[in-house]
Structures are given as C-alpha cells and as structure tokens.
> 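One structure, as structure tokens, below. Some questions next.
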Amino acid sequence: MEKIAIVINSLKKGGAEKQAVLLGRMLSGFYDVRIIVMRPEEGISEELITLYGGKKSDIVELNATTGRGITGLCYVFRRWRPKSLLCYLTYANFAGAVSGRLCGVGNIYQGLRNARMPLFKVLAEVIANMLSTGAILNNHAGLSFFRRHGLRNLTVIENCYPSIRCQRKREAGERVTIVTAARFVTQKDYRTAIEAFRIAAQKMPKLYYRIIGHGEGEVDLRQWIVESGMEDRVEVIVNPVNVQKLIDECDIYLSTSLWEGTSNSIMEAMDASLPVVATAVGDNDRLVEEGVNGMLISPGDAIGIAEALVTLAGSCELRNDMGGCGNRMLEKRYGMDVFRKRYLGLLGQDVSGSRVQEVQDLPEE
C-alpha cells in the first residue's frame with residue numbers, strides 16, 4: 001500500500017487542523033497514512049484524535065529525539081519513505097517541501113488555507129512552491145492572489161464537512177441569540193461585530209450575542225464590549241469543548257471577517273440550520289447565497305450588518321427558511337463524497353482504487 005504523510009504544525013483545535021484530520025481519515029481507506037505533527041507542544045486535541053478514529057499510532061510527533069523542523073521531517077521520511085506529502089499552513093509547507101525534496105518524496109503538495117497572507121509568509125510559500133509538485137487551496141478567492149505572487153500548479157479542493165445533520169427548525173422564543181465562533185484575531189474584525197450588535201440591540205431588546213473562541217485579541221474584545229455598554233447582553237466563551245452544542249442553541253450566525261478562505265465556522269452554522277450574516281470576502285459568497293440562506297454585507301459595514309441582523313431577528317419563519325436552505329446546500333456541495341473524489345483524483349486514484357489522470361491547474365477566472 002502506498003504511503004502518504006500529512007504534515008501540520010499542531011493538532012490543536014482549529015479549521016486547518018480539523019481538515020487535516022478529516023483528510024487523513026478519508027485517505028486511510030486507500031493508503032498507509034501518517035499525520036506528522038511538527039510542534040506537538042502547541043497542543044494535541046483529544047477531540048481531533050476522536051474525529052480521526054482514535055488511531056494514535058498513525059500520529060507522529062516530532063521531539064528532541066527525532067529532531068525539529070526540517071531535521072525531524074528528514075528523520076521520519078528517510079525511515080518511513082512516503083510516496084506523497086500533503087502539508088498544511090506556511091511553516092509546514094516550507095519545511096515539508098525542503099525536507100521532502102531532500103529525501104526524494106515523489107509528490108509534494110503545500111496547503112494554502114486562506115485567500116491572502118502577509119508578505120513574509122508569501123515569500124516562504126513561493127520558495128515552498130518551487131520545490132513542490134503543486135499547491136492545494138481550500139478556496140477560489142485565493143487563486144488570483146497566489147498566481148499574482150508567482151505560485152504555480154494551483155488546485156482548489158474546498159473544505160469537507162462530514163456527518164451533516166438533518167434540518168432543524170427552531171421555535172420563536174423570548175430571546176434571539178446571535179453567535180460567532182472564531183479566533184480572537186484581527187482578521188475576524190470583532191470590533192465591527194460588536195458595533196453592529198450594539199446598533200441592532202438598540203432596536204431589538206430581545207437580542208443577545210454569544211462569542212466563542214480564543215486568541216491573543218481577547219483583552220481587546222472584552223474592552224470593546226465594555227465600551228459598547230452591552231456587557232449584560234454579550235457572552236464570551238473561551239475555548240470550550242462543546243462548540244457545536246453552543247452554536248446549536250443560537251438563532252443567527254454572524255461572521256465579520258476582513259478576509260477568509262473557506263470558512264469552517266460558517267459550515268458549522270449551516271450544519272446547525274442557522275441563517276448566516278457574513279461579510280462578502282473570500283469564498284463566503286459560495287457558502288452564503290444572498291437572500292437564500294443568509295445575507296452578505298461589505299466588510300466593516302456595521303450599519304449594514306446591523307440591518308441584516310434586525311431583519312432576521314424579527315422573523316422566526318425567515319430564520320428557519322434560510323437555515324434549512326443552508327443545511328441542504330452544505331450537504332450538496334461540501335460532503336465527504338466530493339472531498340474524496342477531488343483528493344483521490346489529485347493523487348491519481350478514484351474511489352474504486354483504479355488510477356486516474358492527475359488533476360490539472362484550474363483555468364484563470
């Protein structure tokens with residue numbers, strides 16, 4: 001059986017980490033798979049181990065004995081000899097490409113998980129791309145950005161969402177709760193989210209806001225909540241273990257990102273049958289169809305976002321209709337079958353095990 005290595009910085013909870021585990025789980029039915037964690041000290045989520053199927057023997061953690069970075073990867077590759085290498089995020093992309101090329105790995109794919117990134121990361125990705133077979137993006141919005149910076153052989157394989165649940169309808173209650181589940185970082189633009197909620201809450205006394213996440217921006221986030229005067233109507237939950245349950249308890253999903261790839265959190269909202277208010281960035285317009293399963297607003301437009309929230313908060317029937325549409329769209333476009341076919345096609349194998357032609361670079365849009 002052919003060997004495939006998946007290289008990622010850590011297995012702490014996050015969108016890229018979850019997708020890496022899902023990829024490993026899917027490929028393990030066709031290949032001998034190892035997930036190599038370069039910085040295990042950053043975290044190994046038991047939730048992700050469970051999602052993978054509890055196969056801890058398939059997870060290789062680099063340490064002081066094996067070595068770190070490129071040295072550690074070379075140590076593993078020379079002993080295990082994978083035929084293909086799939087990497088996630090800049091550090092793993094760069095170290096994986098260099099070590100894979102040094103050790104004679106046949107196919108090396110870097111994983112680009114956003115639609116744009118800082119220049120220093122772009123430079124690392126350009127070098128990795130020169131040493132790689134190609135790059136896999138999880139979004140269409142990033143194609144022009146990375147092509148403009150010289151990356152070649154780009155293929156889009158969107159995120160997978162497994163085990164999609166049936167549509168859930170909610171009853172009208174005494175309160176309507178908005179929810180956001182995202183890291184506390186600049187990209188997610190929580191300042192606009194808080195301001196939009198403040199404007200909407202002045203018109204809708206029964207409106208509340210639940211924020212789920214973690215990150216270095218927590219202090220700023222809490223300060224913005226205090227400045228808004230909405231402390232009694234905004235709940236911040238840091239790094240919980242039951243994120244999906246907390247989302248399920250809410251009524252509207254809000255994403256105010258300044259840029260995105262393919263949003264895992266919006267997918268989670270669609271799985272929960274929630275209508276989505278999102279900024280028109282990245283591939284959000286592929287997840288959210290205006291007026292069908294949610295509303296798209298320009299980034300930074302707190303007033304426009306507030307108006308959308310008020311519209312949805314005012315009608316339980318509208319929320320259920322849009323939430324149901326989103327749930328059906330998720331199953332059709334982002335299920336495991338689509339994910340499986342794209343990756344096996346890239347690696348030269350279809351679901352029945354026969355070889356197929358490798359996926360080619362997508363045309364210019």
Side-chain angles (χ1 to χ4, degrees), residues 1-8 15-33 35 51-53 82-89 92-93 96 105-115 125 128-129 132-147 151-164 260-264 266-268 270-271 282-287 328-365:
M1 185 177 286
E2 291 183 9
K3 298 177 180 179
I4 290 182
I6 298 172
V7 178
I8 193 162
E17 291 81 5
K18 182 176 181 179
Q19 291 298 312
V21 165
L22 287 171
L23 177 61
R25 190 178 85 181
M26 182 274 290
L27 290 178
S28 65
F30 303 87
Y31 299 93
D32 184 3
V33 177
I35 298 178
L51 181 63
Y52 187 54
K83 181 175 181 179
S84 298
L85 178 60
L86 300 165
C87 305
Y88 278 76
L89 304 176
N93 287 341
V105 176
N107 299 307
I108 303 169
Y109 292 97
Q110 62 195 117
L112 304 171
R113 313 299 300 175
N114 225 320
E125 297 289 7
N129 190 253
S132 299
T133 308
I136 302 169
L137 291 81
N138 73 335
N139 64 92
H140 295 264
L143 281 173
S144 59
F145 176 86
F146 289 108
R147 282 186 174 132
L151 275 72
R152 59 179 177 76
N153 295 337
L154 305 178
T155 298
V156 175
I157 303 180
E158 294 163 319
N159 288 355
C160 167
Y161 200 98
S163 305
I164 299 167
E260 274 292 352
T262 298
S263 172
N264 280 295
I266 290 180
M267 287 184 171
E268 290 170 351
M270 295 167 71
D271 183 42
D283 272 19
N284 283 356
D285 62 352
R286 291 176 178 265
L287 289 165
R328 292 189 293 273
M329 288 165 55
L330 181 66
E331 183 173 11
K332 180 179 180 180
R333 301 178 185 178
Y334 299 96
M336 181 63 85
D337 286 345
V338 177
F339 189 70
R340 179 187 299 113
K341 289 176 183 177
R342 293 302 310 276
Y343 266 104
L344 292 180
L346 184 78
L347 294 168
Q349 187 180 69
D350 67 17
V351 289
S352 65
S354 61
R355 306 300 293 182
V356 298
Q357 186 176 2
E358 183 174 345
V359 175
Q360 299 299 311
D361 191 10
L362 291 175
E364 292 283 354
E365 293 189 339

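If you're wondering where the values come from, they're calculated on a predicted model, not measured in any experiment.
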> List the steps and the verdict of side-chain contact (heavy atoms from CB on, under 4.5 Å) for Tyr31 and Lys83.
CA-CA 10 Å; Tyr31 299 93; Lys83 181 175 181 179; over 6 Å; no
> CG of Asp271 to CG of Leu330: how many Å apart, nearest 0.5 Å?
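So the gap between those two atoms works out to 6.0 Å.
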> For the residue pair Gln19 and Asn264, confirm or rule out a side-chain donor-acceptor distance under 3.5 Å.
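Yes - a donor-acceptor pair under 3.5 Å links their side chains.
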> Given Arg147 and Leu151, is the side-chain contact (heavy atoms from CB on, under 4.5 Å) satisfied, shown in steps?
CA-CA 5 Å; Arg147 282 186 174 132; Leu151 275 72; over 6 Å; no
> Can you tell me how far the CG atom of Leu22 sits from the CE atom of Met336, to the nearest 0.5 Å?
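If we round to the nearest 0.5 Å, Leu22:CG and Met336:CE are 5.5 Å apart.
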> Nearest heavy-atom pair of Asn93 and Leu112: which atoms, and what distance?
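The answer is ND2-CD2, 4.1 Å.
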> Could you give the distance from OG1 (Thr133) to CD1 (Ile108), rounded to the nearest 0.5 Å?
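Reported value, rounded in 0.5 Å steps: 6.0 Å.
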> The test is side-chain contact (heavy atoms from CB on, under 4.5 Å); show your working for Thr155 and Leu137 and say whether it passes.
CA-CA 6 Å; Thr155 298; Leu137 291 81; over 6 Å; no
> Applying the side-chain hydrogen bond (donor to acceptor under 3.5 Å, both in side chains) criterion to Asn138, which one of Asp283, Thr262, Asn159, Asn114 satisfies it?
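Result: among Asp283, Thr262, Asn159, Asn114, Asn159 is the only option passing the side-chain hydrogen bond (donor to acceptor under 3.5 Å, both in side chains) with Asn138.
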> Say you draw a straight line from CG of Leu86 to CG of Leu23; how long is it, rounded to the nearest 0.5 Å?
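So the CG of Leu86 and the CG of Leu23 are separated by 5.5 Å.
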> Of Leu85, Leu347, Asp32, which meets side-chain contact (heavy atoms from CB on, under 4.5 Å) against Ile4?
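Testing each of Leu85, Leu347, Asp32 against Ile4, the sole residue satisfying side-chain contact (heavy atoms from CB on, under 4.5 Å) is Leu347.
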> Rounded to the nearest 0.5 Å, how far apart are OH of Tyr343 and OH of Tyr109?
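Those atoms lie 10.5 Å apart.
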> Applying side-chain contact (heavy atoms from CB on, under 4.5 Å) to Arg340 and Phe30, what does each step give before you reach the verdict?
CA-CA 10 Å; Arg340 179 187 299 113; Phe30 303 87; 4.1 Å; yes
> Just verifying a value: how many Å separate Leu143 CG and Leu154 CG, rounded to the nearest 0.5 Å?
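Leu143 CG to Leu154 CG: 6.0 Å, rounded to 0.5 Å.
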> May I ask you to establish whether Lys18 and Tyr52 are in a cation-pi arrangement, using a distance under 6.0 Å from NZ or CZ to the six-membered ring centre and at most 45° from the ring axis?
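No cation-pi geometry.
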> Between Asn129 and Gln110, is a side chain to side chain donor-acceptor pair (under 3.5 Å) present by the stated rule, with each step listed?
CA-CA 7 Å; Asn129 190 253; Gln110 62 195 117; 2.8 Å; yes
> Ignoring hydrogens and angles, tell me if any N or O in the side chain of Arg152 forms a donor-acceptor pair with the backbone of Gly134 under 3.5 Å.
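Here the side-chain-to-backbone pair does not exist.
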> Would you say that Ile136 contacts Val156 through its side chain, given a criterion of any heavy-atom pair below 4.5 Å between the two side chains?
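Not in contact.
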> Do NZ/NE/NH1/NH2 and the carboxylate oxygens of Glu260 and Arg113 come within less than 4.0 Å?
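Result for this pair is no, no salt bridge flagged.
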> If you compare all heavy atoms of Ala141 against all heavy atoms of Ala115, which two are closest, and at what distance to 0.1 Å?
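Scanning both residues, the minimum pair turns out to be CB-CB, 4.0 Å.
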> With Met270 as reference, evaluate Met329, Arg333, Glu331, Arg328 under the side-chain contact (heavy atoms from CB on, under 4.5 Å) test and give the passing residue.
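That would be Met329.
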